[in-house]
Amino acid sequence: MAIVPDTKNWTWVLERRCPDCGFFAGDAPFRDIPALIRADVDAWASVLASSDVAVRPDEQTWSTLEYAAHVRDVHRIFLTRLALVLDEDDPLFANWDQDATAVAENYGAQDPATVSTELSEAAHALADAFEAVPSDDLSRTGRRSDGATFTVETLAQYYIHDPIHHLWDVRR
C-alpha cells in the first residue's frame with residue numbers, strides 16, 4: 001500500500017499543543033526559533049547515521065531518510081517564504097505538494113550523507129534568516145492559496161513544528 005498524501009491543514013498547531021509530539025508552536029517565542037532550528041538539525045545528523053535509515057517501518061510510513069529529505073525541503077520552502085514576506089507586501093505563497101515532491105525527487109533513494117549535509121545547510125540558512133529579522137518586520141504578512149494568513153512571527157511558529165514533529169516521528 002502506498003503512503004497516503006497528507007491533506008490536513010496544520011495551522012491548528014498555532015492554537016494548541018500537538019497531541020503527538022507534544023510541541024505547542026504557538027507558544028514558541030519568535031527569538032527562540034533559530035535556537036530550536038539549530039538544536040533540531042543537530043539531532044537529525046545522528047538519526048541519519050543509522051544503518052537502516054532508508055528502511056520504511058511499514059508501507060504507509062516514510063523512512064527516516066524520506067522524512068529528513070522532506071524536512072530539508074521544508075527549510076528551503078520557508079526560507080523562500082520568509083524572503084517573500086520581507087520583500088513584498090502580503091505575497092501569495094506558491095503551492096507546494098510535499099507528497100508529489102517526495103515522489104518526484106525520489107527521497108528514499110537519496111544519499112543519506114548528502115541529505116544530512118543539505119539538511120544542515122538549509123536549516124542553518126533559515127535560522128540565520130529568522131535571526132536577522134528586525135522586530136519591526138514581525139507583523140509583515142504572507143498568504144497561502146487556501147486563505148491562511150501568516151505574519152513573520154506565526155510563519156516561523158507554524159514552520160518550527162514541522163521539523164520538531166518529524167524528528168519525533170523518526171524517533172518513536
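Hydrogens, waters and symmetry mates play no part in the numbers below; they use all other heavy atoms, side chains included.
For Asp89, the CG atom is loosely surrounded, since the number of other residues' heavy atoms within 6.0 Å does not exceed 12.
Under 4.0 Å is where a charged nitrogen must lie from a carboxylate oxygen, and between Arg56 and Glu66 at least one such pair does. For Asp20 and Arg172, the salt-bridge test fails: no basic side-chain N is under 4.0 Å from an acidic carboxylate O.
Of all heavy-atom pairs between Pro91 and Thr141, the closest is CD-O, 3.1 Å. In plain terms, the two heavy atoms of Leu86 and Val133 that are nearest each other are CD1-CG2, 4.0 Å. For the residue pair Trp62 and His70, the shortest heavy atom distance occurs at CZ3-CB, 3.3 Å. Between Ser139 and Thr151, the shortest heavy-atom contact is O-CG2, 4.0 Å.
Using a distance-only test at 3.5 Å, with no hydrogens or angles considered, no donor-acceptor pair links the side chain of Arg143 to the main chain of Phe93. Looking only at distances, no side-chain donor or acceptor of Asp52 sits under 3.5 Å from a matching main-chain atom of Val55. Thr117 contributes a side-chain N or O that, together with a main-chain N or O of Ala113, makes up a donor-acceptor pair within less than 3.5 Å. Formation of a donor-acceptor pair under 3.5 Å by the Thr114 side chain with backbone atoms of Gln110 is not found in this model. Checked by atom type and distance alone, the side chain of Glu153 never pairs as donor or acceptor with a backbone atom of Asp137 at under 3.5 Å. Side chain of Thr61 to backbone of Asp58: no donor-acceptor contact under 3.5 angstrom is found. No donor-acceptor distance shorter than 3.5 angstrom exists from the side chain of Ser120 to the backbone of Ser116, with no hydrogens or angles considered.
When side chains are defined from C-beta on, Val103 does not count as touching Asp99, because their heavy atoms never get closer than 4.5 Å. Residues Val74 and Gln98 are not in side-chain contact: their nearest non-hydrogen atoms beyond the backbone lie 4.5 Å or more apart. Put simply, the side chain of Val152 reaches to within 4.5 Å of the side chain of Phe30, judged on heavy atoms. The closest side-chain heavy-atom distance from Phe78 to Tyr158 is below 4.5 Å. Under the 4.5 Å side-chain criterion, counting only non-hydrogen atoms from C-beta, Thr149 is not in contact with Thr154. Using a 4.5 Å heavy-atom cutoff, the side chains of Trp44 and Tyr67 are in contact. No side-chain heavy atom of Val85 sits under 4.5 Å from any side-chain heavy atom of Phe150. Side-chain atoms of Phe24 and Val13, non-hydrogen and from C-beta on, never get closer than 4.5 Å to each other.
To the nearest 0.5 angstrom, Asp27 atom CG is 10.5 Å from Leu14 atom CG. One finds the CD atom of Gln157 at 11.5 Å from the CD atom of Glu15 (value rounded to the nearest 0.5 Å).
Residues His75 and Tyr159 bring their aromatic ring centres within 6.0 Å. Under the 6.0 Å cut-off for aromatic ring centres, His166 and Trp10 do not qualify, their centroids lying 6.0 Å or more apart.
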**Request:** Kindly determine whether Arg72 and Glu121 satisfy salt bridge (charged side-chain N to carboxylate O under 4.0 Å, His left out), including the steps that lead there.
**Result:** CA-CA 9 Å; Arg72 173 203 59 208; Glu121 289 169 353; over 6 Å; no
Which pairs would a plain distance check flag for residues 123-132, meaning a side-chain donor or acceptor within less than 3.5 Å of a matching protein atom at least two apart in sequence or in another chain?
| unit_1 | atom_1 | unit_2 | atom_2 | d |
| --- | --- | --- | --- | --- |
| Asp128 | OD1 | Arg38 | NH2 | 2.6 |
| Glu131 | OE1 | Arg38 | NH2 | 3.2 |
| Glu131 | OE2 | Arg38 | NH1 | 3.2 |

